[in-house]
2 protein chains.
Amino acid sequence: MTVTPQELKARMENFKQVCRQNKLPQTPQKLAIFQHLAASCTHPSAQEIYDRVKEKFTNISLATVYKNLKKFTVLGLCIEIPIPGGANRYDAKLEIHGHAVDTANGLVHDLELPKEYNYSAQVMGRQVKQIHLTYYI
Amino acid sequence: MTVTPQELKARMENFKQVCRQNKLPQTPQKLAIFQHLAASCTHPSAQEIYDRVKEKFTNISLATVYKNLKKFTVLGLCIEIPIPGGANRYDAKLEIHGHAVDTANGLVHDLELPKEYNYSAQVMGRQVKQIHLTYYI
DNA sequence: CTCTATGCAAAATATTTGCAAGGGA
DNA sequence: TCCCTTGCAAATATTTTGCATAGAG
């Protein structure tokens, strides 16, 4: 299971466009962080992204990774997957989908959802900002 | 929105039975912690439960609350609701249901789910241990 | 040139662990 | 009695923040 080159390209294009729209400087660090996330299907944690990006940017700080992931999340460029008793995981796949958290090894898998799961845009009279459907297996 | 006396009683009965079945001593602390959780519909955090239980058990420690909530969760007496950027919340309602997290004030509400959401017992060939459906509004 | 991002270190949060003493079964 | 639990304190883990400097637009 890998992200196709076309999909990766689309994610990077969207990233750059959203950065421009929001006047967010496209620093090499931001690009490296997002690029790694966008190419991943392992739902990496901030620490894992940091470890990988550090290979190129030996001086990068974990705080920078956190700061940028937070910004990306707010801008809707990725979603934050909270894990009970563990670090948040991040996912650059924007289409509505679920996750299966394997409690035996901590791996997080994407799940396609049946059509019925396409959520109503309103819950309790409020616009839904984000939906998380997680199966623990 | 409150837990009905019947429901509370049922939850306490189930708690006591599960404790006996698992040879878990029913200490006053455990009873107080579970009782408060079972009577709550606010999905309290460990800290909130600690604050309340401390009114009766002035010496209780936050670690004890965490230890017991963890045990309750493992035994299926409650579920742990992870909140991005915040402490876990706990819920003694065992029926499959969703949650609406109000991002404006941090309140967590229960949501009834349409029948379609009753999940298949298998995901990726594995038994589903727990399902979390959370709307962020 | 201006403004934000970065890197570092320290702080803030959240949760877990080790251990001696106490108390349920 | 035996073992699990409790309470305390310290350790861990995770994430955020303050600030001086660097670098993108």
Side-chain angles (χ1 to χ4, degrees), chain A residues 15-37 43-51 53-75 77-90 106 108, chain B residues 15-34 37 43-51 53-75 77-90 106 108:
Chain A
F15 171 76
K16 289 170 185 172
Q17 193 191 327
V18 170
C19 281
R20 279 191 296 268
Q21 283 171 350
N22 291 276
K23 304 194 200 310
L24 201 71
Q26 294 173 47
T27 62
Q29 290 91 336
K30 277 193 181 63
L31 280 164
I33 292 166
F34 190 81
Q35 161 100 29
H36 176 60
L37 178 60
H43 310 84
S45 64
Q47 178 74 54
E48 286 160 354
I49 294 172
Y50 168 73
D51 290 340
V53 172
K54 201 178 173 60
E55 294 169 7
K56 289 271 181 182
F57 296 84
T58 48
N59 283 338
I60 200 172
S61 135
L62 183 54
T64 298
V65 176
Y66 271 108
K67 283 171 188 167
N68 281 315
L69 287 173
K70 186 62 68 180
K71 282 177 192 171
F72 299 165
T73 302
V74 170
L75 293 176
L77 288 166
C78 67
I79 61 171
E80 207 172 39
I81 310 168
I83 305 285
N88 287 340
R89 309 285 287 264
Y90 296 85
V108 179
Chain B
F15 170 76
K16 288 169 184 171
Q17 193 192 325
V18 170
C19 282
R20 280 191 297 269
Q21 284 173 350
N22 291 276
K23 304 194 200 308
L24 201 70
Q26 294 173 46
T27 62
Q29 291 92 335
K30 275 192 184 62
L31 278 164
I33 292 166
F34 190 80
L37 179 59
H43 310 84
S45 64
Q47 178 73 53
E48 285 160 355
I49 294 172
Y50 167 74
D51 291 339
V53 173
K54 199 178 174 63
E55 293 168 9
K56 290 269 181 186
F57 296 84
T58 48
N59 284 339
I60 201 174
S61 134
L62 181 55
T64 298
V65 176
Y66 271 109
K67 282 170 187 168
N68 282 316
L69 287 173
K70 186 63 67 182
K71 282 177 191 170
F72 300 165
T73 303
V74 170
L75 292 176
L77 287 165
C78 67
I79 60 171
E80 209 172 39
I81 310 168
I83 305 284
N88 287 342
R89 310 285 286 264
Y90 296 86
V108 179

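Protein chains get the first letters and strands the later ones, always in sequence-line order, with residue 1 at the start of each. Remember, predicted model here, so these are calculated numbers, not experimental data.
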_Whether Lys70(A) contacts dT16(D) is assessed here as follows: a side-chain N or O lying under 4.0 Å from the phosphate OP1 or OP2. Is that the case?_
yes
_Rounded to whole Å, please give me the gap between CG in Asn59(B) and P in dG22(C)._
12 Å
*Shortest non-hydrogen separation from Asn88(B) to Ile83(B) and the atoms involved*: OD1-N, 4.4 Å
*Quickly work out the Lys23(A) NZ to dC3(C) P distance and round it to whole Å.*
13 Å
*Of the nucleotides dT16(C), dA25(C), dT6(C), which has the atom closest to the Gln26(B) side chain?*
dA25(C)
*At under 4.0 Å, does any side-chain N or O of Asn88(A) touch on OP1 or OP2 of dT15(D)?*
yes
*From dT16(C), dG7(D), dT6(D), pick the nucleotide closest to the side chain of Ile60(B)?*
dG7(D)
*Quick one: which of dT6(C), dT15(D), dA9(C) gets closest to the side chain of Ala63(A)?*
dA9(C)
*Could you check Lys67(A) against Ala46(A) and say which one's nearest nucleotide on DNA chain D is further toward the 5' end?*
Ala46(A)
*Give a yes/no on whether any side-chain N or O of Lys30(B) is located under 4.0 angstrom from OP1 or OP2 of dC4(D).*
no
*Under 4.0 Å between a side-chain N/O of Thr27(B) and OP1 or OP2 of dT6(D), yes or no?*
yes
_Going by side chain to side chain donor-acceptor pair (under 3.5 Å), Tyr50(B) matches just one of Glu48(B), Gln47(B), Lys54(B). Which one?_
Lys54(B)
*Can you check the Gln47(A) CD to dT15(D) P distance for me, whole Å?*
10 Å
*Whole-Å distance separating the CG atom of Leu24(A) from the P atom of dT4(C)*: 11 Å
*Round to a whole Å and report the spacing from CD1 of Ile33(B) to C1' of dG7(D).*
12 Å
_If you compare all heavy atoms of Tyr90(B) against all heavy atoms of Glu80(B), which two are closest, and at what distance to 0.1 Å?_
OH-OE2, 3.3 Å
*Interatomic distance where CD belongs to Glu80(A) and C1' belongs to dT16(D) [whole Å]*: 13 Å
*Could you check whether the rings of Phe34(A) and Phe15(A) sit parallel, tilted or perpendicular, using 30° and 60° as the cut-offs?*
parallel
*Measure from the side-chain heavy atoms of Pro25(B) and tell me the nearest of dG24(C), dA5(C), dT16(C).*
dG24(C)
*Nearest heavy-atom neighbours spanning His43(A) and Val108(A)*: ND1-O, 2.9 Å
*Which whole-number value in Å describes the distance from Asn68(B) CG to dT15(C) P?*
15 Å
*How close or far is atom C1' of dT15(C) from atom OH of Tyr50(B), stated in whole angstroms?*
14 Å
*Relative to the 5' end of DNA chain C, which residue comes earlier, Tyr90(B) or Thr64(A), by the nucleotide with the nearest heavy atom?*
Thr64(A)
*Would you mind telling me which of dT15(D), dG7(D), dT15(C) lies closest to the side-chain atoms of Tyr66(A)?*
dT15(D)
